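Notes to accompany the following structure.
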Amino acid sequence: MEKQRVVHTPEGGVCSKMMIVEAENNTITDVQVVGGCDGNLQGLSKLLIGMPVHEAINRMDGINCRQRGSSCPDQLAQALKKIK
C-alpha cells in the first residue's frame, strides 16, 4: 500500500489558501481545503474521495474561474499531479 500526502499552496489568485490531499494506491482518500467557498469545496471533496487520481486530474485540470486562468478545482488537479 502506497500512501501519499500532498500539501499544496494554490496559485493563480484563487480563493483557497491551502489544499491537503491524501491518496492510497492512486485513489483519493481525503481532501481538505482551507479558504474558498466552503459549501462548494466540501461537496467537491466528498465527490473526489474514492476516485482514481488520474480521473480527478482529467476532470478538473484547466477549469477557469472568473478569468483568473485557474480555479480551486484546477488547483486541486495541480496538487494531485504531485501524487502521480
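Just so it is clear, the model here is predicted, and its values are computed rather than measured. Along the sequence shown, residues carry numbers from 1.
Considering CD of Glu55 and OG1 of Thr27, their distance stands at 10.0 Å, rounded to 0.5 Å. Annotation: the span from Asp61 atom CG to Gln78 atom CD amounts to 5.0 Å, rounded to 0.5 Å. Note that NE2 of His8 and CG of Leu80 are 9.5 Å apart. Values are rounded to the nearest 0.5 Å. In this structure, the separation between CG on Leu76 and CE on Met60 is 5.0 Å, given to the nearest 0.5 Å. Taken from CZ in Arg59 to NE2 in His54, the straight-line distance is 10.0 Å, to the nearest 0.5 Å.
Shortest non-hydrogen contact noted between Val53 and Ala23 is CG2-CB, 4.1 Å. The minimum heavy-atom distance between Ala56 and Ile28, with the atom names listed, is CB-CD1, 3.7 Å. The two residues Val14 and Arg68 come nearest to each other via the heavy atoms CA-NH1, 3.8 Å. Minimum interatomic distance between Cys72 and Cys15 (heavy atoms only, all atoms of both residues): SG-N, 4.3 Å.
In terms of modelled atom types and a separation under 3.5 Å, the side chain of Glu24 and the main chain of Gln4 share no donor-acceptor contact. Not one N or O on the side chain of Ser16 forms a donor-acceptor pair closer than 3.5 Å with the backbone of Val33.
Evaluation of the side chain to side chain donor-acceptor pair (under 3.5 Å) rule for Arg5 yields Glu22 as partners, not counting sequence neighbours.
At a threshold of 4.5 Å between non-hydrogen side-chain atoms, the residues Ile20 and Met18 count as touching. For the pair Pro52 and Asn26, the minimum side-chain heavy-atom distance is 4.5 Å or more. Ile49 places none of its side-chain heavy atoms less than 4.5 Å from the side chain of Thr29. Side-chain contact between Pro10 and Met19 is present, with heavy atoms from C-beta onward closer than 4.5 Å.
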Can you check side-chain contact (heavy atoms from CB on, under 4.5 Å) on Asp74 and Asn64, steps first, answer last?
CA-CA 7 Å; Asp74 178 60; Asn64 189 2; over 6 Å; no
Output a table of donor-acceptor pairs, distance under 3.5 Å, between side-chain atoms of residues 39-48 and any protein atom two or more places apart or on a different chain; print 'none' if there are none.
from: Gln42; atom 1: NE2; to: Asp38; atom 2: OD1; distance (Å): 3.2
from: Gln42; atom 1: NE2; to: Asp38; atom 2: OD2; distance (Å): 2.7
from: Ser45; atom 1: OG; to: Leu41; atom 2: O; distance (Å): 2.8

